[in-house]
Amino acid sequence: METKYIFVTGGVVSSLGKGIISSSLACLLKARGYRVTIQKFDPYINIDPGTLNPYEHGECYVTVDGHEADLDLGHYERFTDIQTTRANNVTTGRIYQSVIDKERRGDYLGKTVQIVPHITDEIKRNVKALGNTGKFDFIITEIGGVVGDIESLPFLEAVRQLRWELGRSALCVHLTYVPYIAAAKEIKTKPTQHSVKQLQQLGIQPDVLVLRTEHDIPADVRRKIALFCNVATDAVVDSKDVDSIYKVPLTMHAQKLDEIVLRLMDVKYPGEPHMAPWLDFIAKLDAATEPVTIGLVGKYVELQDAYKSINEALLHAATYADRKLRLVYIHSEKLTEADVDEKLSGIDGVVIAPGFGRRGIEGKFTALRWCREHDVPTFGICLGMQCMVIEFARNVLGMADANSTEMDTKTTHPVIDLMDEQKSISNLGGTMRLGAYDCVFRPGSLAARAYGSEQVRERHRHRFEFNSDYRNAFEQAGMECVGLNPDTGLVEVVEMPSKRWFLGTQYHPEYSSTVLSPNPIFKSFIQAAINYRNEK
């Protein structure tokens, strides 16, 4: 079938959930047997989000091919079980960089380079690049930001042009907010009307409206919105708040969003989507009442999106273990020897979060020492694993000033050091060890048992590594290097067999956890936390 293009835009306010609606629609179309992928167009000038502060942008997600991407790509993968690549996330910065590079090479043959047609042509080329592979029936493109933002205008102009060029093979889904004024006890439609008017002024008529709301929207209100926005009444869909994002595909299907889209694009849709595995997950999610309490120790805990993939991977694993995840955020910058016992004593398992820089690092060492000495299931990820190594070196091996050269360049015991390949790099953007790499486990190790395999391929995002000069000292003292990269010898996994569950990964296993395929190492960790809770 000819590739179809679906554009998802947003209005009224940001953070309405365009990524969740895009992912939910993709989930439904995939469950109907179609080949689907999703891409995100972000209107900021950064080349990628790798240099952005998590407080501003949430977590930086990493694709298998080593691209630092928007966190919405994590939603795309979790909802669809499809691996994304750099082609699935494009920023204004990348668009302009590409156009400027072409201009410098003389590709435009002396023409004046302008937003229209040169920038918009580059955007259109990126939109259609995935479709041109012949691998997909549907390409869903989410346009970041809100209609009315000056930054989004070139993307929306490109969408307008593509709608004309592609005809019935292109469609626009517009997500807006319908507020409820409590004092007047009224739902207000005017913000949605204004949002659609702005879109129409740009030459784009939405085909489907999805209304984000806290309250049910009566049929007469939906008819009013349809009338004022030139949209068919049956193409106005509610997106009422639900207690889990993973229920959104079900609420969208209940209102026939997938059928509306297929009908408008002249695609036949016999039968129902195959959602049985998804429904099984939701049933487990709803049925779970017995909690498992996990403490997440990090410095960005005020903003939960900073650890979004970890949060979701823990939820997936807990749900499949028939437990209700209770996640406790522990600020590593505020954790001290004086209060560590109070903050961690009721926890079933502890995750030491990834990150960069020295802020909050001592709190992580404090948490790790307490967890190690009290034999609490503990999982260190990336910098969390490096902190495991440093704490062990200081308090078990007696190397009082052991550290990472990221934190202290003058340490006499650099148990974590800058990778050799990183030492000549000066530009910080997109230059870390990124993407999926192989890891081979020691037979019989906790990691090998967790995966049920002695070799896996997981994603990375780091510059510093375990210093192999210290490997023998660690092994002899009880911290074993059980996972290695087969090509470089880089230590990927450390664990302490003498403990209930004490393991660190240099890679980020959270990136590969999805609703239908939870990551095995997270499942093993959660089971250990449950066992520990039962022992207590």
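Computed from a predicted structure; not experimentally measured. Along the sequence shown, residues are numbered consecutively beginning with 1.
- For Ala318 against Val292, the heavy-atom pair with the smallest separation is CB-CG1, 4.1 Å.
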Step-by-step ring-ring contact (aromatic ring centres under 6.0 Å, His included) determination, Tyr532 to His374: CA-CA 11 Å; Tyr532 177 55; His374 288 78; 9.8 Å; no
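- Checked against side-chain hydrogen bond (donor to acceptor under 3.5 Å, both in side chains), Glu77 has the following partners two or more places apart in sequence or in another chain: Tyr61, Thr84, Arg459.
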Distance-only criterion, 3.5 Å: show the donor-acceptor pairs between side-chain atoms of residues 13-21 and protein atoms not counting sequence neighbours.
| residue | atom | partner | partner atom | Å |
| --- | --- | --- | --- | --- |
| Lys18 | NZ | Gly145 | O | 3.1 |

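- For Arg35, the salt bridge (Lys or Arg N to Asp or Glu O under 4.0 Å) partners at least two apart in sequence or on another chain are Asp137.
- Salt bridge absent: Glu406 and Arg463 never bring a charged side-chain N and a carboxylate O closer than 4.0 Å.
- Between Glu475 and Arg442 a salt bridge is recorded (basic side-chain N to carboxylate O distance below 4.0 Å).
- Residues passing the ring pair (Phe, Tyr, Trp, His ring centres under 6.0 Å) test with Phe474, sequence neighbours excluded: Phe392, Phe466.
- We find that Asp48 and Arg86 are not joined by a salt bridge, their nearest charged nitrogen and carboxylate oxygen being 4.0 Å or further apart.
- Applying the ring pair (Phe, Tyr, Trp, His ring centres under 6.0 Å) criterion to Tyr34, with sequence neighbours excluded, gives Phe138.
- Between the side chains of Glu59 and Tyr511, no donor-acceptor pair of N or O atoms lies under 3.5 Å.
- Ring geometry for His460 against Tyr507 counts as perpendicular: the plane angle is over 60°, on a 0 to 90° scale with 30° as the lower cut.
- For residues 268-278, the set of pairs meeting the side-chain hydrogen bond (donor to acceptor under 3.5 Å, both in side chains) definition, not counting sequence neighbours, comprises His253-Glu272.
- Between Tyr437 and Gln506, the side chains place no donor N or O within less than 3.5 Å of an acceptor N or O (distance only, hydrogens not considered).
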